[in-house]
There are 2 protein chains.
Amino acid sequence: MSKDLPSDSLSPLPSSARATLNDVASHAGVDVSTASRVLRGDQKQRVGEETRLRILEAAKRLDYQPNITARSLRVAKTFSLGIAVPQLDNPVFSQMIIGAERGARERGYSLLIAHIEEGFPDDDAYERLASANRVDGLLITTLDDNSVVLRAARKARVPVVLLNRAMQGIDNSIYFDSSEAARIAVRHLIDLGHTRIAHLSGQLNPSTGIGRFAGYRDALAEAGIPFDPGLVAVSGYTIKGGAEAMRTVLRQAGTSPTAVFAITLAAAAGAIMAIQQYGIRVPEDLSVVTVHDGPIAEAMFPPLTTVQMPVEQMGYDGAIGLIDLIEGRKTQINSMLHPLQLVVRGSTAAPGQPHDVA
Amino acid sequence: MSKDLPSDSLSPLPSSARATLNDVASHAGVDVSTASRVLRGDQKQRVGEETRLRILEAAKRLDYQPNITARSLRVAKTFSLGIAVPQLDNPVFSQMIIGAERGARERGYSLLIAHIEEGFPDDDAYERLASANRVDGLLITTLDDNSVVLRAARKARVPVVLLNRAMQGIDNSIYFDSSEAARIAVRHLIDLGHTRIAHLSGQLNPSTGIGRFAGYRDALAEAGIPFDPGLVAVSGYTIKGGAEAMRTVLRQAGTSPTAVFAITLAAAAGAIMAIQQYGIRVPEDLSVVTVHDGPIAEAMFPPLTTVQMPVEQMGYDGAIGLIDLIEGRKTQINSMLHPLQLVVRGSTAAPGQPHDVA
DNA sequence: ATGAAAGCGCTAACAT
DNA sequence: ATGTTAGCGCTTTCAT
């Protein structure tokens with residue numbers, strides 16, 4: 001008798017707390033299970049058209065939003081993906097994240113980000129995501145250290161997709177045809193008439209570095225240009241590394257190069273710094289080309305000629321593939337993306353043009 | 001009678017599925033509530049030291065990891081923070097994310113990322129996070145469009161902290177003393193002897209842009225240098241904008257400037273491009289200085305003189321503050337960060353040094 | 001076509 | 001100091 005609370009509850013009344021499925025159901029005068037079936041868009045739902053409408057309307061009126069946490073608990077899935085990146089402020093990784101976020105979002109997943117501090121890779125970064133039951137799958141990227149990745153992938157209790165490279169012992173990956181990209185870049189230099197072409201490389205064990213190095217050698221071989229080890233130095237993937245490697249090459253090369261193929265944007269930027277320090281002009285005295293593209297390539301002086309790399313696509317495909325794995329639509333993800341196109345800008349030109357030095 | 005299943009369950013048996021609290025409890029011979037109290041490190045726990053140890057040991061043996069989803073459902077918290085960013089491939093935002101991720105992690109939260117597509121700000125980006133019950137709080141950043149942010153913050157059912165600027169109508173924010181940074185930058189130019197100092201500015205309504213513009217004018221006024229509107233052009237925060245604004249200034253200025261203060265890294269990069277296109281030399285003919293710092297500033301040619309901005313700190317403080325808000329330890333977050341220091345590199349020098357033009 | 005009921009794994013009163 | 005109990009909001013058999 002004391003329960004004669006204001007029962008004329010026909011008003012929207014999304015007063016304070018979020019409406020639950022229960023609220024929707026009672027407002028529509030049905031059981032929660034029925035409401036669930038409708039709202040979830042259950043395939044074989046067999047629900048009366050009229051009730052369907054009533055439920056939908058109630059949901060709308062109450063501004064119902066499913067509680068993902070509850071659903072997660074019930075179906076034992078988190079509907080989120082984790083992505084572990086070693087350096088966030090590197091265009092490669094940010095673009096990868098953009099793509100991954102888009103893929104995840106399209107499929108109703110969220111993207112959870114884990115930054116792996118350089119130098120503390122062993123610690124927990126991957127585990128944090130993998131073992132804490134927070135994600136249904138893991139996208140992993142790495143620079144040079146393979147062992148950590150391998151270990152993490154093994155320990156993960158969820159599907160893992162490796163981005164940006166293929167690796168022995170890891171089944172799923174989306175990677176890039178680095179050697180093809182390198183070949184395109186070097187061929188461009190050769191077409192311009194260069195024969196003394198230097199290469200700033202990655203560490204020469206991991207897959208990416210090797211791929212580009214191979215492409216470099218292949219292109220030279222095709223053109224019948226002999227390979228000169230004195231023209232190669234390891235730069236890694238940083239600006240500083242690029243600058244140092246460039247200096248090494250300039251000092252050690254018997255006959256100095258007229259062009260250089262840098263393994264990545266950062267290395268190329270470093271190289272240009274070093275080159276200009278020596279008073280050498282780009283591209284008059286030395287042409288520079290690299291792989292990967294983006295606003296920074298345009299912003300440098302001179303603007304950089306690059307072979308475009310579908311980095312965002314890689315993130316997107318990785319996310320979609322990972323979700324396919326999670327939801328059992330696929331059992332393996334393995335695809336290689338190809339370089340997009342050569343974008344010729346101001347950093348490359350024919351060798352030895354008669355430009356006077358000031 | 002038919003329940004004589006293999007009951008000698010003393011083996012570790014983390015065979016397949018994750019161990020639950022229940023598993024731990026029964027292995028330790030206690031009730032789940034007791035196990036919960038211990039494992040959660042409940043303050044006023046009053047649990048026997050001996051049982052405590054037994055529980056801890058069982059948890060370890062079974063490699064128990066709490067199911068956050070279940071806990072979330074129970075306590076009605078997700079333990080995750082959302083961060084919405086307009087452009088991921090911009091050092092400002094990536095550094096902000098790095099900081100935010102660290103703050104969140106330190107407090108046991110995860111960071112969920114939402115990329116706001118340029119041009120589709122209205123859509124759902126913020127709502128996706130805010131209304132889907134996926135996060136306990138929101139970190140928001142924005143470029144120029146305030147209305148969207150305001151609306152999003154209003155609609156959010158969770159606490160919101162605005163990063164990188166203060167805004168009327170938004171209570172919580174972590175921002176940066178832009179005008180102080182601008183003053184430092186411009187004073188540096190003045191100290192070098194410059195008097196014709198251009199400014200590439202942001203849109204002149206939002207807070208950040210105004211702050212820097214104000215700092216620019218203040219520094220000029222302090223030094224008794226008259227303000228010349230012909231030396232100012234709006235660049236916004238992009239490379240392209242920087243290049244265009246620089247060209248505008250070079251064309252329109254009656255007496256050409258000997259130095260330029262660009263509002264941000266990207267604009268400075270664009271400006272340098274434009275400058276070098278005209279065959280003007282940096283810093284001999286024209287000095288360039290900007291606010292914000294990072295590897296890119298070092299990588300450019302010439303390396304850029306900048307006033308350092310604690311961007312990562314901003315993300316970190318934002319995350320910590322947001323969590324304080326969520327957990328009720330604070331009721332308002334409002335702090336202003338100050339510029340770190342002036343880093344003098346190759347892009348600034350005294351005006352009119354007797355350098356011959358080639 | 002719809003409802004009843006159980007339960008995902010955890011926490012938090014409330015007993016004892 | 002420890003156990004009992006209820007329930008967070010949802011999905012999913014199993015009935016009807």
Side-chain angles (χ1 to χ4, degrees), chain A residues 14 16-56 58-59 62-79 108 131-134 136 157 327, chain B residues 14 16-56 58-59 62-79 108 131-134 136 157 327:
Chain A
S16 51
R18 271 239 164 283
T20 73
L21 189 59
N22 215 320
D23 299 333
V24 175
S26 59
H27 273 251
V30 298
D31 186 81
V32 305
S33 55
T34 310
S36 170
R37 283 190 274 260
V38 170
L39 261 19
R40 203 157 17 90
D42 197 330
Q43 294 301 56
K44 51 229 157 80
Q45 44 173 282
R46 301 144 113 301
V47 173
E49 190 55 18
E50 187 217 357
T51 28
R52 234 181 70 82
L53 260 42
R54 239 182 318 132
I55 291 169
L56 254 23
L62 298 176
D63 187 26
Y64 170 72
Q65 297 284 5
N67 181 322
I68 313 188
T69 304
R71 185 203 301 236
S72 290
L73 179 57
R74 180 59 230 243
V75 305
K77 289 192 43 190
T78 63
F79 300 100
S131 71
N133 298 326
R134 289 204 145 164
D136 295 335
R157 318 184 67 122
E327 301 184 344
Chain B
S16 51
R18 269 241 165 283
T20 74
L21 190 58
N22 217 319
D23 299 334
V24 175
S26 58
H27 272 251
V30 298
D31 187 83
V32 305
S33 58
T34 310
S36 170
R37 282 190 275 260
V38 169
L39 262 18
R40 200 156 21 91
D42 197 329
Q43 294 302 52
K44 50 229 160 69
Q45 43 171 285
R46 302 147 114 297
V47 173
E49 189 55 18
E50 188 218 355
T51 26
R52 233 182 70 84
L53 260 43
R54 238 182 320 129
I55 292 169
L56 256 22
L62 297 176
D63 187 27
Y64 171 72
Q65 297 284 4
N67 181 322
I68 313 187
T69 305
R71 184 203 301 235
S72 289
L73 179 57
R74 179 60 231 241
V75 304
K77 289 192 44 189
T78 62
F79 301 101
S131 70
N133 298 327
R134 289 205 147 163
D136 295 335
R157 317 183 70 124
E327 301 185 344

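So you know, we letter chains A, B, ... as the sequences are listed, proteins then strands, and number each from 1.
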Just to confirm, is there a sub-4.0 Å distance from OP1 or OP2 of [N] to any side-chain nitrogen or oxygen of [X]?
| X | N | value |
| --- | --- | --- |
| Y64(B) | dC10(C) | yes |
| S33(B) | dT2(D) | no |
| T51(B) | dT2(D) | yes |

Choose from [options] the nucleotide whose nearest atom is closest to any side-chain atom of [X].
| X | options | result |
| --- | --- | --- |
| L73(B) | dG9(D), dC10(D), dT12(D) | dG9(D) |
| A70(A) | dA1(C), dC10(C), dC10(D) | dC10(D) |
| T20(A) | dG9(C), dG9(D), dT11(C) | dG9(D) |

In whole angstroms, how far is the [atom2] atom of [N] from the [atom1] atom of [X]?
| X | N | atom1 | atom2 | value |
| --- | --- | --- | --- | --- |
| D31(A) | dT13(D) | CG | C1' | 13 Å |
| E49(B) | dT2(D) | CD | C1' | 15 Å |
| Q65(B) | dG9(C) | CD | P | 15 Å |
| L39(B) | dC10(C) | CG | P | 9 Å |
| R37(B) | dG9(C) | CZ | P | 21 Å |
| R71(A) | dC8(C) | CZ | C1' | 14 Å |
| R18(A) | dC10(D) | CZ | C1' | 15 Å |
| R74(B) | dG9(C) | CZ | P | 16 Å |

>> If you compare all heavy atoms of V38(B) against all heavy atoms of I55(B), which two are closest, and at what distance to 0.1 Å?
In response: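 Looking at all heavy atoms of both residues, the closest pair is CG2-CD1, 3.7 Å.
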> If you look at every strand shown and take non-hydrogen atoms under 4.0 Å, does S72(A) touch a base, only sugar-phosphate, or nothing?
Replying inline: nothing
[atom1]-[atom2] distance between [X] and [Y], expressed to the nearest 0.5 angstrom:
| X | Y | atom1 | atom2 | value |
| --- | --- | --- | --- | --- |
| N22(B) | H27(B) | CG | NE2 | 10.0 Å |
| L62(B) | R18(B) | CG | CZ | 11.0 Å |
| L73(A) | I68(B) | CG | CD1 | 12.5 Å |

>> Quick check: on DNA chain D, is the nucleotide nearest V32(A) upstream (toward 5') of the one nearest R52(B), or the reverse? Name the residue that is more 5'.
In response: R52(B)
> Between D31(A) and S33(A), does a side chain to side chain donor-acceptor pair (under 3.5 Å) hold up when you go through it step by step?
Replying inline: CA-CA 5 Å; D31(A) 186 81; S33(A) 55; 2.6 Å; yes
